[in-house]
Q: 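A single structure is presented below for examination.
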Amino acid sequence: MSSSNSGGGPVLVPILGDQLTRTLASLRGRTKEDTVIVMAEMYDEATYVKHHKQKIVLIFSAMRHFAEELRDAGWEVDYVELTDEDNSHSFTGEVARAIERHDPAAVHVVEAGEWRLNQAIAEWPDKFDREVTILPDDRYLCPIADFREWAEDRDHLTMEHFYREMRKRTGLLMQKSGKPTGGEWNYDKQNRRPPKDDMDPPERPKFEPDEITQACIELVEEKFADHFGSLETFAWPVTRDEAEKAADAFFTERIEKFGPYQDAMVHGEDDLFHSMLSTSLNLGLLDPMELCERAEQAYRDEKAPLNSVEGFIRQILGWREYIRGFYWYNMPHLQEANALNAQRSLPDFYWTGDTDMRCVADCIRSTRDNAHAHHIQRLMVLGNFALLAGINPREVQDWYLVVYADAYEWVELPNVSAMILYADGGKLATKPYAASGNYINKMSDYCKKCVYSPSKKTGEGACPFNPLYWYFMDRHRDRLKSNHRIGRIYANWDQMGEERQKEYLDSAEAFLDSLEPATKDYAR
Ligand code: FAD
Ligand code: DLZ
Ligand code: SF4
């Protein structure tokens with residue numbers, strides 16, 4: 001914060017595209033008479049990686065709807081469209097122009113969700129001759145400072161420990177005695193059911209583009225035609241009302257089976273029993289505590305079993321908050337981390353989906369069509385492949401940041417760098433999430449119709465995940481052999497003998513040699 005202003009004018013409140021919350025800290029306590037809100041569609045934000053077309057439409061449309069809602073409620077909103085002639089393309093540039101237009105006495109801004117933008121905001125007090133107040137983003141359940149305090153003296157930042165602290169702190173799923181509801185903290189063991197033929201997941205609500213969204217679709221088709229992804233299937237909630245409807249549908253139709261089938265994958269079934277609420281949560285249209293309380297209520301009303309409810313609350317109260325804390329605790333060096341020295345280029349099929357690996361092709365199809373894939377697809381198919389193949393973390397990070405409508409660096413980077421690629425050297429995950437085709441076969445129906453066989457280990461027709469798994473384990477033996485959760489695997493490897501080991505390694509290398517590196521560049 002800094003002082004020195006021209007005095008007299010209103011307070012300028014810049015709001016970013018993922019700060020679409022009526023109770024945002026910079027709006028709380030302000031009066032409509034002395035406040036000008038500024039929002040801007042910016043090239044810099046839309047192109048610092050070439051985001052999926054659906055992601056840009058989602059954010060622009062949600063911003064336009066939010067601006068309209070604020071105006072209807074009596075606020076003055078200065079909204080800059082991408083096509084405005086004088087648009088300066090950057091956040092700092094747009095705030096500078098808004099200062100010229102409104103001559104505010106002060107600027108009140110909520111810290112950004114990404115390190116890069118926060119660096120820019122930190123320069124405002126020197127740049128602008130106004131009082132600048134940077135407020136913490138208190139829409140999360142664990143302040144950044146609290147996470148830092150929790151993390152500081154620990155070697156391993158175990159999510160489960162963090163999560164238990166958060167349960168105690170919020171009282172969610174806690175008994176009066178201080179014990180967890182049901183006696184256990186975590187019911188994950190009940191949440192690993194493979195898919196069943198008659199699962200029959202209900203369709204999630206789809207939101208037809210209205211006039212505002214349609215205008216954004218046309219804008220994106222015109223200005224960002226070379227970006228990845230399809231717009232034909234755009235159906236995301238773009239207002240708080242729509243997001244509430246999406247949440248209602250989850251709590252009435254899907255939460256019951258959310259837990260058991262959390263890790264299941266079915267070809268062509270893109271949502272299963274997942275909430276599909278991450279885009280709305282990350283935009284600020286939904287409140288994380290409200291969702292957790294609704295989940296707990298579903299348990300109390302006997303509409304959902306404890307394993308589903310605890311599993312859902314763990315994702316939001318545990319993983320989401322932990323990931324955000326981890327990001328700020330480890331920035332900026334997390335961006336450069338590459339503990340396993342992975343250097344391979346991203347294969348082209350991550351963009352085209354053109355691969356015989358049926359699991360990978362289906363996850364990429366869903367990613368292209370929906371700007372979404374569910375957690376286990378991101379982790380155990382697409383992420384697992386990137387880990388085993390040794391793909392360069394920066395390329396993988398950019399890919400995930402581009403393709404998912406819910407991706408912002410604060411949530412994408414720890415998941416990619418630390419969770420899937422082990423690039424942080426194991427601060428987040430106690431072992432790499434490496435798996436052979438066996439895991440995917442157990443948890444999905446992908447392998448049944450794949451040209452590869454999950455039971456074939458090497459050579460022609462073998463599932464590529466099988467030799468790649470041992471190729472990975474062999475390559476990182478020195479680092480992983482003393483890890484108590486994975487080290488025992490090496491006894492199996494040693495028992496195979498040199499000849500069989502060579503078959504695995506040759507098979508993996510032949511497969512890797514056959515991969516085409518990406519030809520299109522959507523990255524930074
Ligand atoms: P559900 O399965 O219904 O889960 C409920 C909510 O829990 C989600 O909406 C999300 O807010 C939260 N959640 C669950 N797992 C995580 C997690 N690991 N990190 C943070 N929040 C979590 N999520 C994003 O929001 N943005 C991302 O950019 C993102 N990138 C990811 C990259 C990788 C490699 C992996 C493995 C996971 C990533 N996730 C990301 C987490 C998770 O995959 C998505 O939040 C989830 O798939 C969104 O779908 P859903 O709302 O149906 O989630
Ligand atoms: C992701 C994004 C995009 C594509 N476009 C805009 C935009 O035009 N204007 C805006 O204010 N925000 C946008 N965003 C969201 C920001 O990138 C986001 O606020 C930061 O990444 C911090 O999380
Ligand atoms: Fe994927 Fe291998 Fe199964 Fe094919 S056999 S779907 S490549 S896990």
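As the structure lists them, so they are numbered: ligands from 1, and atoms in each ligand from 1. Just so you know, these numbers use all the heavy atoms, side chains as well, and skip hydrogens, waters and symmetry mates.
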Q: Closest non-hydrogen protein atom to atom 15 (C) of ligand 2, residue and atom name please, with distance?
A: Y408 CE2, 4.2 Å
Q: Please list the nearest protein heavy atom to atom 2 (O) of ligand 1 with its residue and the distance rounded to 0.1 Å.
A: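 Checked against all protein heavy atoms, atom 2 (O) of ligand 1 sits closest to H274 ND1, 2.8 Å.
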Q: Validate the cation-pi geometry between R193 and Y261: distance from NZ or CZ to the six-membered ring centre under 6.0 Å, angle to the ring axis within 45°.
A: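 Positive - R193 is close enough to the ring of Y261 and near enough to its axis.
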Q: Checking a contact table here: which protein heavy atom is nearest atom 12 (N) of ligand 2, and how many Å away?
A: G17 N, 3.2 Å
Q: Do you know which of E114, E409, E111, E412 makes salt bridge (charged side-chain N to carboxylate O under 4.0 Å, His left out) with R324?
A: E111
Q: Any salt bridge between D287 and R139, counting N to O under 4.0 Å?
A: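 No.
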Q: So, 4.0 Å and heavy atoms of F60: is ligand 2 close enough to count as a contact?
A: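 It does, in that a heavy atom of F60 comes within the 4.0 Å cut-off of ligand 2.
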Q: Could a heavy atom of M63 be found less than 4.0 Å from some atom of ligand 2?
A: yes
Q: Out of all atoms in ligand 3, which are within 4.0 Å of some heavy atom of Y446? Include the element for each.
A: 6 (S)
Q: Report yes if the distance between the aromatic ring centroids of F147 and Y327 is under 6.0 Å, otherwise no.
A: no
Q: Can you tell me which residue and heavy atom of the protein come closest to atom 52 (O) of ligand 1, and the distance to 0.1 Å?
A: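 Ranking protein heavy atoms by distance from atom 52 (O) of ligand 1, first comes M276 N, 2.6 Å.
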Q: Students should be able to answer this: which protein heavy-atom is nearest to atom 5 (N) of ligand 2, and at what distance?
A: E45 CB, 3.5 Å
Q: May I ask you to identify the nearest protein heavy atom to atom 9 (N) of ligand 2, giving residue, atom name and distance to one decimal place in Å?
A: A40 O, 2.8 Å
Q: Taking the six-membered ring where the residue is Trp, are the ring centres of F258 and F273 under 6.0 Å apart?
A: no
Q: Have a look at ligand 1 and work out which part of D406, if any, has a heavy atom under 4.0 Å from it: side chain, backbone, both or neither.
A: both
Q: Nearest protein heavy atom to atom 23 (O) of ligand 2, by residue and atom, and its distance?
A: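 The answer is D18 OD2, 2.5 Å.
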Q: Pull out every atom of ligand 3 sitting under 4.0 Å from any heavy atom of C447, numbered as shown with elements.
A: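 Checking each atom against C447, I get 3 (Fe), 5 (S), 6 (S), 8 (S).
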Q: Q262 and side-chain contact (heavy atoms from CB on, under 4.5 Å): which partner among Q315, H374, K257, Q190?
A: Q315
Q: Indicate, as side chain, backbone, both or neither, the part of C359 found under 4.0 angstrom from ligand 3 when only non-hydrogen atoms are considered.
A: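 For C359, the contact with ligand 3 is made by both the backbone and the side chain.
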Q: Should one rank N415, L317, L421 by closest heavy-atom distance to atom 33 (C) of ligand 1, which comes out on top?
A: N415
Q: Counting from 1, what ligand 3 atoms have a heavy atom of M357 closer than 4.0 Å?
A: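 Those of ligand 3 that fall under 4.0 Å from M357 are 7 (S).
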Q: Have a look at R254, R314, H372, H375 and point out the one with the heavy atom closest to atom 42 (C) of ligand 1.
A: H375
Q: Report yes or no: does a heavy atom of R116 sit under 4.0 Å from some atom of ligand 2?
A: yes
Q: Is the positively charged end of R116 above the ring of Y48, judged by distance under 6.0 angstrom from the centroid and angle within 45° of the axis?
A: yes
Q: What residue and heavy atom of the protein are closest to atom 2 (C) of ligand 2, and at what distance?
A: I59 CD1, 3.6 Å
Q: Knowing that exactly one of I37, V36, V38 qualifies, which makes a side-chain contact (heavy atoms from CB on, under 4.5 Å) with V77?
A: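 So the option named by the test is I37.
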Q: W410 and ring pair (Phe, Tyr, Trp, His ring centres under 6.0 Å): which partner among Y329, Y140, Y322, W115?
A: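 Answer after filtering Y329, Y140, Y322, W115: Y140.
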Q: With heavy-atom distances below 4.5 Å as the criterion, would you say the side chains of F66 and I15 are in contact?
A: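 F66 vs I15: side chains touch.
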Q: Report yes or no: is the cationic atom of R368 (NZ for Lys, CZ for Arg) closer than 6.0 Å to the six-membered ring centre of F228, at no more than 45° off its axis?
A: no
Q: Where is the nearest protein heavy atom to atom 2 (Fe) of ligand 3: which residue, which atom, and how far?
A: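 Protein heavy atom with the smallest distance to atom 2 (Fe) of ligand 3: C463 SG, 2.3 Å.
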